[in-house]
Number of protein chains: 2
Amino acid sequence: MGDPARANMLTSLMGGQALSASELAEVAGVAAATASGHLVQLLDGGLLAVEKQGRHRYYRLAGPDVAIAIETLMDLAQRSRRLQVRPGPRDPEMRRARVCYDHLAGECAVAFFARLTRLKLIALDDGAVAITSRGERRFAEFGIDIAALKSAKRPVCRTCLDWSERRSHLAGALGARLLDRLFELGWARRAEGSRIVRFTPLGETGFAKLFD
Amino acid sequence: MGDPARANMLTSLMGGQALSASELAEVAGVAAATASGHLVQLLDGGLLAVEKQGRHRYYRLAGPDVAIAIETLMDLAQRSRRLQVRPGPRDPEMRRARVCYDHLAGECAVAFFARLTRLKLIALDDGAVAITSRGERRFAEFGIDIAALKSAKRPVCRTCLDWSERRSHLAGALGARLLDRLFELGWARRAEGSRIVRFTPLGETGFAKLFD
DNA sequence: GGAATGCTTCGGGCTTTGCCGAAGCATCGG
DNA sequence: CCGATGCTTCGGCAAAGCCCGAAGCATTCC
């Protein structure tokens with residue numbers, strides 16, 4: 001995972017969608033032959049899964065555990081401020097709100113994370129993040145049952161470094177459930193064939209003021 | 001983090017205790033000079049923190065976030081069944097049985113530790129390890145006086161992550177005394193100018209069946 | 001003070017590994 | 001069929017990085 005080419009491949013797969021070998025070669029900035037070698041390694045290491053479709057081969061992350069590991073590493077890399085310059089998404093909509101694996105990312109997500117922190121609904125403790133009891137109450141009012149999330153193996157709260165913003169947003173079980181809830185309420189929906197998340201006018205204002 | 005030597009250093013620091021540069025060189029299986037280079041890298045990457053104490057330099061993980069990241073990666077590695085980062089020491093004899101500071105390490109030691117656990121001669125409790133009363137009796141029969149060990153300042157039982165096996169073996173006062181006893185009985189002797197421990201035929205079978 | 005110990009820096013050997021172009025399979029379209 | 005496209009494998013090359021012994025500081029012990 002440490003090699004720059006492989007790291008770029010993995011991060012670009014964090015959106016959850018599968019990418020073809022040539023697309024991955026592109027994002028990694030290497031020739032097709034080189035990329036193919038890297039992909040074999042990642043496949044071999046159980047980090048990726050592949051799907052043949054005609055003459056294309058689509059690669060995706062092998063599972064949520066891989067996504068979590070990458071998230072964790074990106075978070076760590078950020079903290080030691082050694083992250084390479086990475087061109088953010090050009091598309092303004094993409095920068096605004098998008099799906100990151102199974103949770104919300106982009107400006108909206110970063111702002112929301114900052115708000116949670118400011119209101120002490122989550123507590124940051126030297127790298128770890130946890131929900132506070134006040135947070136549990138407020139999320140319950142919003143229709144998210146924290147107790148149910150706690151029973152899962154997955155950590156409830158996790159930080160994830162935002163690709164475009166370079167600041168943390170909320171991941172983990174709660175991050176995933178939150179995005180679900182936004183869809184449930186009709187506050188937002190996912191754009192067809194893209195990672196972009198589009199808010200409805202109602203959702204836009206609702207989410208911007210949530211918990212405030 | 002991907003380099004085997006660095007990975008070994010990091011995993012052996014997962015216990016939370018600080019280790020000196022030479023101890024880390026030992027667990028990594030490299031010369032002091034090489035280890036020093038690795039430590040600079042890890043320090044530089046913000047993964048480790050260092051504390052000077054006299055002529056020693058004690059290294060520890062920089063923070064809980066680093067520990068979390070390592071844990072996550074180890075978890076992932078386990079799941080993809082690719083844990084064998086390295087065959088450990090190249091020499092098969094070295095892999096089989098060697099000295100680790102003052103106690104036994106290698107396949108033999110790991111297997112023995114597993115047996116002690118299975119027979120409930122020692123009890124693992126959330127990272128800590130202690131000898132049971134049954135264990136005390138059995139060790140006494142083998143010629144090791146636990147009471148004497150208890151009077152020393154040093155902890156009687158400690159776990160130590162095995163370099164080649166990546167599983168725990170027995171360290172602490174008891175681990176050291178055990179190795180002594182093997183030498184006393186003539187069951188094993190140390191190879192000249194090397195860390196390798198060679199069992200005699202008698203010792204081989206005796207140790208393999210000990211306590212069983 | 002001098003010797004011993006712990007650790008780092010330096011210089012050079014050597015393996016590993018990433019990289020690419022060219023060639024080889026496989027699939028699709030005509 | 002044939003050629004075009006997507007991807008992988010092969011061979012060779014160059015850079016990166018790991019490794020060690022020796023020498024150099026720093027600290028402690030006698």
Side-chain angles (χ1 to χ4, degrees), chain A residues 1-13 17-60 62 77 82 84, chain B residues 1-13 17-60 62 82 84-91 94-95 98 100-102 163-164 193-196:
Chain A
M1 289 169 86
D3 176 79
R6 287 193 290 272
N8 281 329
M9 290 176 170
L10 290 171
T11 52
S12 61
L13 287 170
Q17 56 185 341
L19 295 177
S20 69
S22 39
E23 287 171 322
L24 287 169
E26 174 93 3
V27 301
V30 295
T34 308
S36 183
H38 286 304
L39 290 171
V40 168
Q41 282 186 63
L42 291 172
L43 219 52
D44 213 51
L47 298 182
L48 296 187
V50 69
E51 223 169 312
K52 284 178 68 171
Q53 226 174 77
R55 52 186 167 184
H56 295 269
R57 300 189 73 175
Y58 287 97
Y59 291 87
R60 58 179 172 74
R82 295 241 163 225
Q84 280 283 356
Chain B
M1 291 167 83
D3 177 79
R6 286 194 291 273
N8 281 329
M9 290 175 169
L10 290 171
T11 51
S12 62
L13 287 170
Q17 58 183 342
L19 295 177
S20 69
S22 39
E23 287 170 324
L24 287 170
E26 176 93 2
V27 300
V30 296
T34 308
S36 184
H38 286 304
L39 289 171
V40 168
Q41 283 186 64
L42 291 172
L43 220 51
D44 213 51
L47 297 183
L48 296 187
V50 67
E51 219 170 316
K52 284 178 67 170
Q53 217 173 87
R55 54 185 167 184
H56 295 268
R57 300 189 73 177
Y58 287 97
Y59 291 86
R60 58 178 171 75
R82 301 269 166 194
Q84 270 188 336
V85 171
R86 170 190 232 184
R90 299 191 203 292
D91 186 345
M94 191 84 152
R95 214 155 45 216
R98 65 180 177 275
C100 172
Y101 308 117
D102 58 0
W163 169 33
S164 53
S194 148
R195 295 168 52 198
I196 292 173

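The figures here come from the full heavy-atom set of this structure, side chains too, leaving out hydrogens, waters and symmetry mates. Each chain gets a letter, A, B and so on, in the order the sequences are listed, and its residues count up from 1. Given the structure is predicted, the values throughout are model-derived calculations rather than measurements.
- Rounded to whole Å, atom C1' of C/dC7 lies 16 Å from atom CD of B/Glu51.
- Here the side chain of B/Lys52 is nearest to one of D/dT27, C/dC19, D/dC20, namely D/dT27.
- What separates NE2 of A/His38 from C1' of C/dC19 is a distance of 8 Å, to the nearest Å.
- Nearest nucleotide to the A/Val30 side chain, out of D/dT9, D/dC19, C/dC20: C/dC20.
- When side chains are defined from C-beta on, A/Thr11 does not count as touching A/Val27, because their heavy atoms never get closer than 4.5 Å.
- One finds a side-chain N or O of B/Tyr59 lying less than 4.0 angstrom from the OP1 or OP2 phosphate oxygen of C/dT8.
- A side-chain donor-acceptor contact under 3.5 Å links B/Ser12 to the backbone of B/Asn8.
- Note that OG of B/Ser20 and CZ of B/Arg55 are 12.0 Å apart. Values are rounded to the nearest 0.5 Å.
- When each of A/Gln41 and B/Ala32 is assigned the nucleotide of DNA chain C with its nearest heavy atom, B/Ala32 is the one assigned upstream, toward the 5' end.
- Of the residues near DNA chain C, A/Asp3 and A/Ala33, the one whose nearest nucleotide (by heavy atom distance) lies more toward the 5' end is A/Asp3.
- Relative to the side chain of A/Ser20, the nucleotides D/dT8, C/dC28, D/dC7 differ in distance, and D/dC7 lies closest.
- Within the nucleic acid shown, A/Tyr58 has no heavy atom closer than 4.0 Å to any nucleic acid atom.
- Checked against D/dT9, C/dC7, D/dC19, the side chain of A/Ser36 finds its nearest nucleotide in D/dT9.
- Residue contacts for A/Ser22: at a heavy-atom cut-off of 4.0 Å it reaches the sugar-phosphate backbone alone, with no base atom in range.
- Look at CG on B/Leu24: it is 15 Å from C1' on C/dT8, rounded to the nearest Å.
- The closest side-chain heavy-atom distance from A/Val50 to A/Leu39 is not below 4.5 Å.
- Regarding contacts with the backbone of D/dC19, every side-chain N or O of B/Thr34 stays at 4.0 angstrom or more from both OP1 and OP2.
- Atom P of nucleotide C/dT16 and atom CZ of B/Arg6 are separated by 16 Å, given to the nearest angstrom.
- Atom CZ in A/Arg57 sits about 11 Å away from atom C1' in C/dC25, given to the nearest Å.
- Among D/dT8, C/dC20, C/dG6, the nucleotide with an atom closest to any side-chain atom of B/Arg55 is C/dG6.
- Residue A/Met9 contributes atom CE, which lies 11 Å from atom P of C/dG18 at whole-angstrom precision.
- Residue A/Leu39 contributes atom CG, which lies 13 Å from atom P of C/dG18 at whole-angstrom precision.
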Residues A/Leu24, A/Leu13; criterion side chain to side chain contact (heavy atoms under 4.5 Å, CB included); working and verdict: CA-CA 9 Å; A/Leu24 287 169; A/Leu13 287 170; 4.1 Å; yes
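- Atom pair A/His56:NE2 and D/dG6:C1' shows a separation of 7 Å (rounding to whole Å applied).
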